[in-house]
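Below is one structure, written out as structure tokens; the observations come after it.
Keep in mind that the numbers below use all heavy atoms, side chains included, and drop hydrogens, waters and symmetry copies. Position 1 is the first residue of the sequence; numbering continues from there. Every number for a ligand or one of its atoms is a count from 1 in the order of the listing.
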Amino acid sequence: MKSIVSILLLLLCQWGAQAQRVCGTDEYARHMPLQRGGESTEGILRDTATNENIIIPVVVHILYNTADQNISDAQVISQITALNNDYRLKNLDAASIPDVFKGLAADTRINFCLAKVDPNMRGTTGIIHKNTSRTYFLADDKMKFSASGGDDAWDRKKYLNIWVCRIFGRTLGYATPPGVAANVDGVVITTTSFGTIGNLNAPFNKGRTATHEIAHWLGIKHIWGDEDCGDDGIGDTPKQETYNYNCPVFPSVSSCSPNSNGDLFMNFMDLTDDACMKLFTHGQKKKMRGQFAINGPRNSFLNGFACDSSYAQGGPLPIDTVAKPAEIPADPISLFPNPVDNVLNIQCKSATALTGKTALLFTATGQLVRQQTLQSSSEKMLLGQLPAGLYVLQIGERAEKKIFKVIKN
Ligand code: ARG
Ligand code: ZN
Ligand code: CA
């Protein structure tokens with residue numbers, strides 16, 4: 001059963017890669033300059049008070065190549081509003097949560113604001129508009145570094161970094177969970193799914209990609225536990241077989257539903273359409289708020305002041321809009337063995353350089369015989385079934401394209 005499901009998932013993912021959507025001390029610390037690219041170190045902080053309102057300063061890095069990707073500040077503000085509605089259970093559509101699930105819906109008392117103080121203690125709008133020479137980004141963190149056509153993170157102890165850029169393919173966004181390196185910490189959202197106004201791609205036009213990804217940044221897993229009837233570690237979310245797409249009709253019972261109420265597909269951590277996502281549960285709230293506890297990875301936000309403009313010294317600096325050329329990847333790709341009998345290894349020293357890239361294998365006459373999306377810096381391509389001869393392997397697209405000759409024995 002499980003293996004059939006995983007084969008189906010594998011097929012779905014491969015098909016998905018082509019056509020479908022692919023499957024985050026007090027006065028002393030307050031006056032310490034906020035770091036850009038690094039992170040501040042704090043002294044002793046405090047624990048969360050019961051149900052205190054937590055406020056997360058946000059910096060939005062908008063990376064645009066075309067004018068329409070340079071979204072308006074109003075669109076950014078519409079996203080912040082949507083986040084505050086969703087996290088505070090002020091979303092109007094909560095009224096249509098099925099009665100049997102209404103008691104699960106929680107006001108997390110987590111709030112978001114655009115930063116008013118930048119890492120150099122200058123005034124800011126919390127919105128950076130930056131031109132990039134990249135026509136698109138992959139889920140490989142290049143948008144998080146100025147040196148690779150992106151924009152460097154602001155101190156992750158003080159700001160939630162949100163990068164908004166064109167993500168290639170159908171990926172709507174991705175997030176880092178708590179505990180990653182400081183310079184990649186944050187969430188990435190594709191331009192056409194950010195906010196609730198502007199040029200948005202329905203049905204992902206109610207700002208819920210950011211709601212979902214920020215919950216990952218706060219340690220929440222997908223509701224099906226990312227496995228067949230898996231566990232998301234949250235007590236009050238019912239088990240469900242797998243993710244839901246589109247907008248199921250209640251009740252939607254799956255193989256491991258605990259009762260006839262079925263899947264909680266209207267949870268922000270399923271994969272349904274924006275219009276169908278309506279709640280976080282009390283269990284998810286507890287887990288998210290736990291990140292802010294005394295030894296939690298997001299504890300420093302309790303000392304946050306970056307949304308308080310009275311700390312700003314001087315006005316905003318002029319915005320850097322000059323596109324810098326994208327860097328040339330330093331890490332060579334190695335292919336072995338070549339000639340190959342069966343399994344061709346595709347490797348790269350850099351942990352992320354290959355992730356998200358497409359590998360295409362063509363015959364000498366140009367017929368496509370293999371296609372796969374690389375998931376890591378060490379991948380295998382199975383060639384056992386192919387006739388002997390010369391093949392051409394293409395990794396990546398456009399300016400990043402690399403071509404290799406492969407000889408099959
Ligand atoms: N890339 C996200 C994930 O799988 C997609 C979820 C966003 N869903 C939505 N309806 N906006 O983690
Ligand atoms: Zn997700
Ligand atoms: Ca659960």
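With no hydrogens or angles considered, a side-chain donor-acceptor pair links Asp263 and Ser254 at under 3.5 Å.
Taking every heavy atom of His222 and a limit of under 4.0 angstrom, the matching atoms of ligand 1 come to 3 (C), 4 (O), 12 (O). Atoms of ligand 1 found under 4.0 Å from any heavy atom of Leu271 (numbered from 1 in listed order, with element): 3 (C), 4 (O), 5 (C), 6 (C). Ligand-side atoms of ligand 1 in range of Phe204: 9 (C), 10 (N), 11 (N), range being under 4.0 angstrom from any heavy atom. Close contacts of ligand 1 with Met277, meaning ligand atoms under 4.0 Å from a residue heavy atom, involve 8 (N), 9 (C), 10 (N).
Between Asp93 and Arg208, at least one side-chain nitrogen of the basic residue sits less than 4.0 Å from a carboxylate oxygen of the acidic one, meeting the salt-bridge criterion. A salt bridge links Lys142 and Asp140; the closest N-O separation between the charged side-chain nitrogens and carboxylate oxygens is under 4.0 Å. Ion pairing between Lys221 and Asp226 fails under the 4.0 Å rule for side-chain N and carboxylate O. Contact check on Asp68 versus Arg166 returns no salt bridge, with no Lys/Arg side-chain nitrogen under 4.0 Å from an Asp/Glu carboxylate oxygen.
Geometry about the Ca ion (ligand 3) gives an angle of 140° between OD1 of Asp232 and O of Thr237, rounded in steps of 10 degrees. Centred on the Zn ion (ligand 2), the NE2 atom of His222 and the NE2 atom of His216 lie at an angle of 100°, reported to 10°.
For atom 10 (N) of ligand 1, the candidate residues are Asp273, Thr209, Asn201, Thr272; the nearest heavy-atom contact is made by Thr272.
The Ca ion (ligand 3) has no N, O or S atom of Gly225 inside 3.0 Å of it.
Relative orientation of the His222 and His212 rings is tilted, given thresholds of 30° and 60° on the angle between their planes.
Thr196 places no side-chain N or O within 3.5 Å of a backbone atom of Gly207 that could act as its donor or acceptor partner.
For ligand 1, the polar-atom distance check against Thr171 finds no nitrogen or oxygen pair separated by under 3.5 Å.
The closest approach between a heavy atom of Lys206 and any atom of ligand 1 is not below 4.0 Å.
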